[in-house]
Amino acid sequence: MTGSRENIKGFIKHPEFRFVESYVEDSKMLEQVISESETIFHLAAAVGVDIVVNNPIHTIETNIRGTENVFQFAAKHNKKVIIASTSEVYGKSTKDTFSETDDLLLGSPVNYRWSYAASKALDEYLGMAYYKEKNLNVTIVRFFNTVGPRQTGQYGMVIPRFVSQAVNGKDITVFGTGGQSRCFCHVFDTVRALMLMDRCENVRGETFNIGSQHEISINQLAEMITKACGSSSNIVHIPYSEAYSPGFEDMLRRKPNIDKINEATGWTPEKSLDNIIEDVKNYTIAN
């Protein structure tokens, strides 16, 4: 699991907050909490490149079986579901920006790296099937690298890993050439988007990208974090074959088109990449 009890310690005792620790595969527990809810934000998944590459069975079973359970009970009790998918489903496409109706181009099943993307794509197909056949009120959101304080770099998340290395004077390890680019969205903006989706009536049976459009290469990101942290860390490149496994494939870029969510809800990101790095830095130093 990539979460931590520390993340909820500030409100764990709040009278309007209830915490149940279990698994989405636990059907009895899941049906009970779904039946008592109005909206289900289905964020549970096996995530992080390290987990995906090293534990493909866990990745596939968690993402597919858990989601099947959520949809089944939500349909039974007539509940709304907002399910988190991922920019990974766009796969090996080389488009400049990705739109929700674009074709998906995944790598070969021989390469375990694509098991996460394939499982989340199947989650999306399953959601649309439940929408069509069971009239499930489901909305799919594709996250593009959500980042913020309290996120761990332990499972491959790049910004908290780079910040931790910079703050502690360690080498900043860039996997691959560092020429691959990404867009990073502050968790504040992601949560705000989810809240807007929950209040919006015209998102049923639809898919939306959620992310920033500020694109940056991983090499540039490493330099930016080094400077922001006032660090003397060296930037070191590690081949994918050494960081993960031989034959590992990566996406060259991942930039979202966010016109659709903007038109539906008025949402656009408010936090910059500078804000993200500063918040992650301050949290890392404090902890």
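All values below were derived from every heavy atom in this structure, side-chain atoms included, with hydrogens, water molecules and symmetry-related copies excluded.
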message: For a side chain to side chain contact (heavy atoms under 4.5 Å, CB included) check, start with the C-alpha distance between L221 and F184, then their side-chain angles and the critical distance, and finish with the verdict.
response: CA-CA 10 Å; L221 179 67; F184 298 94; 3.8 Å; yes
- request: Report the C-alpha separation of I276 and I159 in whole Å, then their side-chain angles, then the decisive distance to 0.1 Å, and conclude whether the side chain to side chain contact (heavy atoms under 4.5 Å, CB included) test is met.
  value: CA-CA 9 Å; I276 292 173; I159 287 183; 4.1 Å; yes
query: What do the steps show when you test F248 against S241 for side chain to side chain contact (heavy atoms under 4.5 Å, CB included), and what is the final call?
result: CA-CA 6 Å; F248 179 86; S241 58; over 6 Å; no
- request: Apply side chain to side chain contact (heavy atoms under 4.5 Å, CB included) to R161 and T173, showing your working.
  value: CA-CA 9 Å; R161 180 167 62 83; T173 50; 2.7 Å; yes
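With contacts defined as side-chain heavy-atom distances shorter than 4.5 Å, the pair D198/I82 qualifies. Side chains of W267 and D189 form a contact here, defined as non-hydrogen atoms less than 4.5 Å apart. Counting heavy atoms from C-beta on, the side chains of D171 and Q165 never come closer than 4.5 Å. Counting heavy atoms from C-beta on, the side chains of Q180 and R253 never come closer than 4.5 Å. The shortest side-chain heavy-atom distance between Q72 and K134 does not fall under the 4.5 Å cut-off. Within the 4.5 Å cutoff, the side chain of D102 has heavy atoms near those of the K95 side chain. Two residues are said to be in side-chain contact when any heavy atoms from C-beta on lie closer than 4.5 Å; H214 and C183 fail this criterion.
Using a 4.5 Å cut-off between side-chain heavy atoms of Ile, Leu, Val, Met, Phe, Trp and Tyr, with links allowed through other members, F71 and L122 fall into different hydrophobic clusters. No path of Ile, Leu, Val, Met, Phe, Trp and Tyr side chains, each step under 4.5 Å between heavy atoms, connects F144 with F208, placing them in separate hydrophobic clusters.
Side-chain atoms of N55 never come within 3.5 Å of backbone atoms of H58 as a donor-acceptor pair (strictly under, hydrogens ignored). For the pair R204 (side chain) and N135 (backbone), a donor-acceptor distance under 3.5 Å is present. In terms of modelled atom types and a separation under 3.5 Å, the side chain of S115 and the main chain of P56 share no donor-acceptor contact. Judged purely by atom type and a 3.5 angstrom limit, K79 uses its side chain to pair as donor or acceptor with the backbone of S37. Judged by distance alone, with hydrogens and angles left aside, the side-chain atoms of N275 form a donor-acceptor pair with the main-chain N or O of S272 at under 3.5 Å. With N234 contributing its side chain and V236 its backbone, the two residues share no donor-acceptor pair below 3.5 Å. Listed for the N219 side chain is a donor-acceptor partner under 3.5 Å among the backbone atoms of T177.
In terms of heavy-atom proximity, C185 sits nearest to S212 at CB-N, 3.9 Å. Pairing each heavy atom of A117 with each of L106, the nearest pair is CB-CD2, 3.7 Å. Nearest heavy-atom pair, V174 versus I235, reported as atom, atom and distance to 0.1 Å: CG2-CG2, 3.7 Å. Minimum heavy-atom separation, S217 to G178: CB-O, 3.7 Å.
Between F175 and Y240, a ring centre-to-centre spacing not shorter than 6.0 Å is recorded.
Using modelled atom types and a 3.5 Å distance limit, the side chains of E36 and H77 yield no donor-acceptor pair. Counting only N and O atoms by type, the side chains of E215 and S181 include a donor and acceptor under 3.5 Å apart. Remark: the E124 side chain and the S85 side chain contain an N/O donor-acceptor pair separated by less than 3.5 Å. Side-chain polar atoms of T146 and T190 form a donor-acceptor pair below 3.5 angstrom.
For the pair R142 and Y90, the cation-pi test (distance below 6.0 Å, angle within 45°) is passed.
The one candidate from R182, K255, R254 that meets the side-chain hydrogen bond (donor to acceptor under 3.5 Å, both in side chains) condition with S87 is R254.
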